[in-house]
Amino acid sequence: MISHYRNTISAVYLLVCIFITSSSASSILRQFTDDFNTNLQQENGAGPNPNVGEADHLHQHQEISSRDHKVSVSSTVNGLRDRPPSSYSLKMESFNKLLNSPYTERYQSRPFTVGGYNWTLMVYPNGNKKDSGSGYLSLYVAIDNSTLVAGQQEVYADLRFYVFNNNERKYFTIQDTNVWRFNVFKTMWGFSQVLPVATFKDPKNGYLYDGDHCEFGVDVTIPTTYQVSELFSIADNFYNPKFTWTIRGFSTLFKDTYYSDLFSIGGRTWTIQVNPSGRGTGAGKALSMYLNLDVNEKLRPYEKIYVRGKLRVLNQRGLNNIERQLDIWYQGPGYGEYSWGYHEFISFSDLRDSAKGFVVNDVLMVQAELEDISSTKYLPN
């Protein structure tokens, strides 16, 4: 009986010791955790009274590293610009107070609307440390993902950030040649290293002026996919690229202008024009010859046709032809030039010299050979 009583007392004592030890350990662990969290908050710049709204906003824009975009020096463009920002301007006074505040990580503008979406401009006075921006001025733009219609929707935007330089009376700008992709998983993009803080805060450089005033801005441009387009192409290797016109009774041609029959090459219809008495600078001394686009060809306003080829007066004695190059642009009748050639193609003296072989038995032979002809398709038709 005594032995059983002692065993019971020992068991109760052991349980009490375990309870006390467990309570002490829990208290020590809880104190360590609280101290660790407090230190971590202080390291991240959190104040003694955390703001619930700011905490919610940080959760909303937790993906803030521009490094995911892989911004490179080669794709970053900066310079000076006269015109102010077109989307949003943020002018700030007493900026040094933000620079010297250990609890102000960033300043967030009120929302502004571009392209049907709400955006905010983010300024990190001492840099976004989470994006390798420590020691730099960092600038970002965030989209309000509640304005995204669907969870999978993506918005592509071009961003240009502005910092006013009072010395130059111009804006320092920085942008990326690539487009930025916003979605519910990536709501914030920008530059972590816009300007070194030391450069920005030195009044001699003009970014802080009139005490410690400054101005930031951003252009948000949402490019749309093109709805109208054209496809330009050049065809060659035609089945029958040559047309030869045999002109009989050449010496009896007294009219000013003569035209060959219509012929088709490269999907277009053409004629050769001959002026036996010459025209322009060739009047009275040389044969004039041209390649004309048929007046019934249908071209759209501003449409042009590129043509490369040759015009020839053929030698009927097997000697050298008289050949001239065509490398020109045609426009439809009523829209511009549709006839190209040479006022002084061949002199009258060469034509009349029967030994030279260009006019034989009062027959003149001319030829057009087309090597390249362009076409343009327009969408929508």
Side-chain (Trp119) to main-chain (Val114) donor-acceptor, under 3.5 angstrom:
yes
Find out whether Met289 and Ile272 are in side-chain contact, i.e. whether some heavy atom of one side chain is under 4.5 Å from a heavy atom of the other.
yes
Side-chain contact, heavy-atom cut-off 4.5 Å: Lys186 with Arg181?
no
Just verifying a value: how many Å separate Asn145 CG and Thr187 OG1, rounded to the nearest 0.5 Å?
6.0 Å
A cation-pi test, strictly: NZ or CZ of Arg324 under 6.0 Å from the centre of the six-membered ring of Phe345 and no more than 45 degrees from its axis. Yes or no?
yes
If every non-hydrogen atom of Gly282 is compared with every non-hydrogen atom of Glu344, which pair is closest and at what distance?
CA-CG, 3.5 Å
Give the cluster check for Leu99 versus Val123: same hydrophobic cluster or not, with ILVMFWY residues linked at side-chain heavy-atom distances below 4.5 Å.
yes
Cationic tip of Arg279 above Tyr290 ring, under 6.0 Å, 45° of axis
yes
Indicate the ring-plane relationship of Phe172 and Tyr207, choosing parallel, tilted or perpendicular according to the 30° and 60° boundaries.
perpendicular
Are Leu293 and Leu262 joined in one hydrophobic group, where the rule is that I, L, V, M, F, W and Y side chains link up if heavy atoms are under 4.5 Å apart?
no
Side-chain touch Asp350/Val313, heavy atoms, less than 4.5 angstrom
no
Between Asn118 and Thr147, does the side-chain hydrogen bond (donor to acceptor under 3.5 Å, both in side chains) criterion hold? Intermediate values first, please.
CA-CA 7 Å; Asn118 290 338; Thr147 60; 5.5 Å; no
Which other residues belong to the hydrophobic cluster containing Ile234, where Ile, Leu, Val, Met, Phe, Trp and Tyr are joined when side-chain heavy atoms lie under 4.5 Å apart, directly or via other members?
Phe232, Tyr306, Trp329
Do Phe185 and Val155 share a hydrophobic cluster, counting only Ile, Leu, Val, Met, Phe, Trp and Tyr and linking them when any side-chain heavy atoms are less than 4.5 Å apart?
yes
Do you know which two heavy atoms are closest between Asn126 and Leu98, and how far apart they sit?
ND2-O, 4.0 Å
same_hphob_cluster(Ile346, Leu291) at 4.5 Å side-chain heavy-atom cutoff:
yes
When you compare the side chain of Trp189 with that of Asp176, does any pair of heavy atoms fall below 4.5 Å?
no
Short question: side chain of Asn321, backbone of Glu323 - any donor-acceptor pair under 3.5 Å?
no
Please find the pair of heavy atoms, one from Ala157 and one from Pro223, that lie closest to each other, and give the distance.
CA-CD, 4.1 Å
Correct closest heavy-atom pair for Asn167 and Lys204 would be ND2-O, 2.8 Å
If you apply the rule side chain to side chain contact (heavy atoms under 4.5 Å, CB included), what do you find for Phe112 with Val220, and how did you get there?
CA-CA 10 Å; Phe112 58 93; Val220 179; 4.1 Å; yes
Separation between CG (Leu314) and CG (Asn320), nearest 0.5 Å, reads 12.0 Å
Contact between Phe164 and Arg169 at the side-chain level, heavy atoms closer than 4.5 Å - yes or no?
yes
State, yes or no, whether a side-chain contact exists between Val363 and Arg248 at a heavy-atom distance under 4.5 Å.
yes
Verdict with supporting geometry, Arg308 and Glu371, salt bridge (Lys or Arg N to Asp or Glu O under 4.0 Å):
CA-CA 6 Å; Arg308 189 171 69 88; Glu371 301 165 349; 2.8 Å; yes
Scan side-chain atoms only and decide if Thr221 and Asp219 contain a donor-acceptor pair under the 3.5 Å cut-off.
no
Val366 side chain near Leu311 side chain, heavy-atom distance below 4.5 Å
no
Please check: side-chain N/O of Ser288 versus main-chain N/O of Gly278, any donor-acceptor pairing under 3.5 Å?
no
Strictly distance-based, threshold 3.5 Å: is any side-chain N or O of Asn100 a donor or acceptor partner for the main-chain N or O of Asn96?
yes
Closer than 3.5 angstrom, by distance alone: can the side chain of Gln108 be matched with the main-chain N or O of Leu121 as a donor-acceptor pair?
no
For Phe216, which of Tyr171, Phe95, Tyr140 qualifies under ring-ring contact (aromatic ring centres under 6.0 Å, His included)?
Phe95
Separation of Arg160 CZ from Leu139 CG (nearest 0.5 Å):
14.0 Å
Asp202 side chain vs Asn205 backbone, donor-acceptor pair below 3.5 Å
no
Quick one: name the residues clustered hydrophobically with Val360, using the 4.5 Å side-chain heavy-atom rule over I, L, V, M, F, W, Y, and just say none if it's on its own.
none
Does the side chain of Glu303 come under 3.5 Å of the side chain of Thr376 through a donor N or O and an acceptor N or O?
no
Would you say Lys304 has more than 12 foreign heavy atoms packed within less than 6.0 Å of its NZ?
no
Does any N or O in the side chain of Arg268 come within less than 3.5 Å of the main-chain N or O of Ser374, such that one atom is a donor and the other an acceptor?
no
Could you tell me which non-hydrogen atom of Pro380 sits nearest to which non-hydrogen atom of Gln227, and how far apart they are?
CD-O, 3.6 Å
Distance, nearest 0.5 Å, that separates OH of Tyr258 from CG of Asn275:
10.0 Å
Between Glu230 (side chain only) and Lys377 (backbone N and O only), is there a donor and an acceptor less than 3.5 Å apart?
no
Looking at Tyr136, Tyr162, Tyr124, Trp180, which hits ring-ring contact (aromatic ring centres under 6.0 Å, His included) with Phe191?
Trp180
Ser138 (side chain) donor-acceptor with Asn128 (main chain) under 3.5 angstrom
yes
Under the side chain to side chain contact (heavy atoms under 4.5 Å, CB included) rule, what do Phe250 and Leu287 come out as? Steps first, then yes or no, please.
CA-CA 11 Å; Phe250 179 71; Leu287 175 83; 4.3 Å; yes
Test log, rule side chain to side chain contact (heavy atoms under 4.5 Å, CB included), inputs Leu370 and Val307
CA-CA 7 Å; Leu370 302 187; Val307 174; 4.0 Å; yes
Please report the shortest heavy-atom distance between Leu253 and Pro276, naming the atom on each side.
CB-CG, 4.0 Å
In this structure, CD of Gln316 is separated from CG of Asn361 (nearest 0.5 Å) by 8.0 Å
In Å, rounded to the nearest 0.5 Å, how long is the span from OG1 of Thr271 to CG of Asn292?
4.0 Å
Is it the case that the side chain of Thr173 and the backbone of Arg81 share a donor-acceptor pair, with hydrogens and angles ignored and the cut-off at 3.5 Å?
no
Heavy-atom side-chain proximity of Phe238 to Ile373 below 4.5 angstrom
yes
Near Asp261 CG, under 6.0 Å, is it more than 12 heavy atoms from other residues, nucleotides or ligands?
no
Path from Leu195 to Leu80 over hydrophobic side-chain contacts below 4.5 Å:
yes
Begin with the C-alpha distance, continue with both residues' side-chain angles, and end with the deciding distance and a verdict on side chain to side chain contact (heavy atoms under 4.5 Å, CB included) for Ile322 and Tyr342.
CA-CA 12 Å; Ile322 299 296; Tyr342 294 87; over 6 Å; no
